[in-house]
2 protein chains.
Amino acid sequence: MLTDRQMLILQVIVDSYIQSAEPVGSRSISKNEDINYSAATIRNDMADLEELGYLEKPHTSSGRIPSEKGYRHYVDHLLLPHHLSEEELQNMKALFTKNIVEVEQIIKESATILSDLTSYASIVLGPEIFESKLKQVQIIPLSEQVAVAILVTNTGHVENHTVTMPSTLNSSDVEKIVNILNERLVGVPLYQLEEAIQKEVAGVLRQHIKSYKDALIFAEETLQKTKQEKVFYGGKSNLLIQPEFHDINKVKELLEVFEEDETIFDLLKPEQDGLSIRIGQENGNEAFEDCTVISATYSYKGKPVGTIGIVGPTRMEYPRVIGIVDHLSKGISQALTNLYR
Amino acid sequence: MLTDRQMLILQVIVDSYIQSAEPVGSRSISKNEDINYSAATIRNDMADLEELGYLEKPHTSSGRIPSEKGYRHYVDHLLLPHHLSEEELQNMKALFTKNIVEVEQIIKESATILSDLTSYASIVLGPEIFESKLKQVQIIPLSEQVAVAILVTNTGHVENHTVTMPSTLNSSDVEKIVNILNERLVGVPLYQLEEAIQKEVAGVLRQHIKSYKDALIFAEETLQKTKQEKVFYGGKSNLLIQPEFHDINKVKELLEVFEEDETIFDLLKPEQDGLSIRIGQENGNEAFEDCTVISATYSYKGKPVGTIGIVGPTRMEYPRVIGIVDHLSKGISQALTNLYR
DNA sequence: GTTAGCACTCTGCAATTTCGAGTGCTAAAT
DNA sequence: ATTTAGCACTCGAAATTGCAGAGTGCTAAC
């Protein structure tokens, strides 16, 4: 489809535009040491590239900038592997050599490291609870009617929420219920809990508790998982330094989206394991039409449990960011697996 | 010090500037129906007010804007009580008539309501754990060496973190330790825990556990309170619509500070109970020199346990925001007290 | 003490000009 | 058949100019 020279030119344009944020003209390309063609030749190729949709002109007589299609082609075919600098590696390593005992701590700090290293905004989705299994249930009464329900998972994750205790259940009933739940449901993945209550617990409850119906409702309330996902952010303000976000309204839209966890969750939700790059429209969200999101899943025991990601302008330092995100996601995976060997 | 007329003029200027964000000229003041003096008279008073430091001129020939001192005087002496609109009251009421069982839920939603209602950014500091007392300690082993420690307080707050178990302690040791902690420390305010460990627990541990030193360390680790403060935000992007924050760099500074929880904590830390208004420099933080922070503490059993606050430009709708913050903080106090009667 | 009047100042805006980078095309060169 | 040089043309960014309007400070009159 594209000639070698066109590819080369596309690559130089993307590299240059990523670096300078200025439209790239034919003359400046011809000065590039890898290129030995005259400006006029390059102009012809640029015109072709534009016709094919890889480049755009901000206005009639200016240099070209890459289109989304241009970036896409660059990412898919022209990307040179990037060697992380010693400093970058060091920074990431530091995260894992700390005395880590807390999963959430690693996750949180990953967000900070990501944004510091890349100078873009970072988003990290906490380990999905889907994969984790119930380890223990606890009910701790606070008053006559209110108690705290605590769910602990095998990954050390703790969920808690308050529950109301129906007046028809006395404290020995509650104790019984909790015992039953622990007996029957430990080891069940969190996402199957609801189902398991009906199958495994309902019958037993009926045998042992008088106010059977209230007991069942109470059990369900106890095991309700509260927050499905935790989202951590880093360096949101980095976005403001990008020249493409000098328009206050753009930024505002973007920051508003950042305040809605659900949208962000959708945005980072992995389609497949490993690295994902979504450019502009591909994000399927108007506020992100000028953004690229690079994300990668991290795993626990070989199964993806969470996502780390970077949000920046489409004009993003792809090679470097991809390197960092990839490296860090693998690091987290390994750290998690080491943690609960 | 100031004549009545000067006060009146200052008030009109502040009101007008708050509303329009435009410097206020003498002519437009003289048109105000409460004022029956000519523009020239007002000009004289304005010149005086400027000399006294209550007003400033952006440039030689323009209207005046209030200085920090001007706002301060306005807030201290000229503020007219503001009647909250039906809608505002309704919104806040809705928060409390919901079926609330979770303290953190109320706190979180307060942030959203505050920012929605005021169109400024809101910050809410979660109930300080200082005031709450230990209700129960739990250790749940995850593996040979790692366990989750769970602390429940009488306010339904749950803290959890992972701890490492020294290999010198076997599982029955751990059980003993936990029992001792529960026997001796329940009811102790969290902030006194460290002290109480030494006083109440150390001796008992020495009697019952062989590896006494490890046991003590383990106990300390278990009771370590992890996060002292939770901070919730709402409507940060609202700041962007204020004309004084059209300068990207200003905004960036501000948003950066918002990412440091400690600074924010200092900013909202109450000096005294009740309502606090800090204007510009009074915030003691360069990034906030053009901001006013209005905050109020909320209480549990008569003692302040947390803070809600609003960050906006110094040109803030003081009467309305003060009304809202005041009302909401009282509402939260009451809700908390009702919750654990 | 208050007001009217007037000269003066300064900003913001719009119209205009200039400058330079960049293009597209044609014709010559390889 | 490519590649290159040359040239006219386009367009945006930045600088320049010229108002119009809002506001002030001062003086003199009320």
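Within every chain, numbering begins at 1; the chains are lettered A, B, ... in the order of the sequence lines, protein sequences first and strands thereafter. Just so you know, these numbers use all the heavy atoms, side chains as well, and skip hydrogens, waters and symmetry mates.
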Rounding to an integer number of Å, can you tell me how far [X] [atom1] sits from [N] [atom2]?
{"X": "B:I29", "N": "D:dA22", "atom1": "CD1", "atom2": "P", "answer": "15 Å"}
{"X": "B:M46", "N": "D:dG25", "atom1": "CE", "atom2": "C1'", "answer": "12 Å"}
{"X": "B:L49", "N": "D:dT24", "atom1": "CG", "atom2": "P", "answer": "12 Å"}
{"X": "A:E22", "N": "D:dC11", "atom1": "CD", "atom2": "P", "answer": "20 Å"}
{"X": "B:I9", "N": "D:dT24", "atom1": "CD1", "atom2": "P", "answer": "11 Å"}
{"X": "A:D48", "N": "D:dT3", "atom1": "CG", "atom2": "P", "answer": "11 Å"}
{"X": "B:I65", "N": "D:dG23", "atom1": "CD1", "atom2": "P", "answer": "14 Å"}
{"X": "A:I42", "N": "C:dG22", "atom1": "CD1", "atom2": "C1'", "answer": "13 Å"}

If you look at every strand shown and take non-hydrogen atoms under 4.0 Å, does A:T41 touch a base, only sugar-phosphate, or nothing? base
Assert: residue with more 5' nearest nucleotide on DNA chain C, out of B:R5 and A:K57, is B:R5
Closest to the 5' end of DNA chain C, once A:R64 and A:S61 are matched to their nearest nucleotides, is A:S61
Looking at the side chain of A:Y37, which of C:dG24, C:dA4, D:dT3 is the nearest nucleotide? D:dT3
Answer yes or no: is there an ion pair linking A:R72 with A:E68, defined by an N-O contact shorter than 4.0 Å? no
Answer with yes or no whether A:R43 presents, from its side chain, a donor or acceptor under 3.5 Å of a partner atom in the base of D:dG6. yes
Identify the residue among A:L2, A:L52, A:V14, A:L49 that makes a side-chain contact (heavy atoms from CB on, under 4.5 Å) with A:H73. A:L2
Quick one: is [N] close enough that its OP1 or OP2 comes under 4.0 Å of any side-chain N or O from [X]?
{"X": "B:T60", "N": "C:dC10", "answer": "yes"}
{"X": "B:S26", "N": "D:dT24", "answer": "yes"}
{"X": "B:S38", "N": "C:dT2", "answer": "no"}

Distance (rounded to the nearest 0.5 Å) between B:E244 CD and B:L239 CG: 10.0 Å
Is a side-chain donor or acceptor of A:S115 paired with a backbone partner of A:S122 at a separation under 3.5 angstrom? no
With under 30° as parallel and over 60° as perpendicular, where do the rings of A:Y233 and A:F258 fit, or are they tilted in between? perpendicular
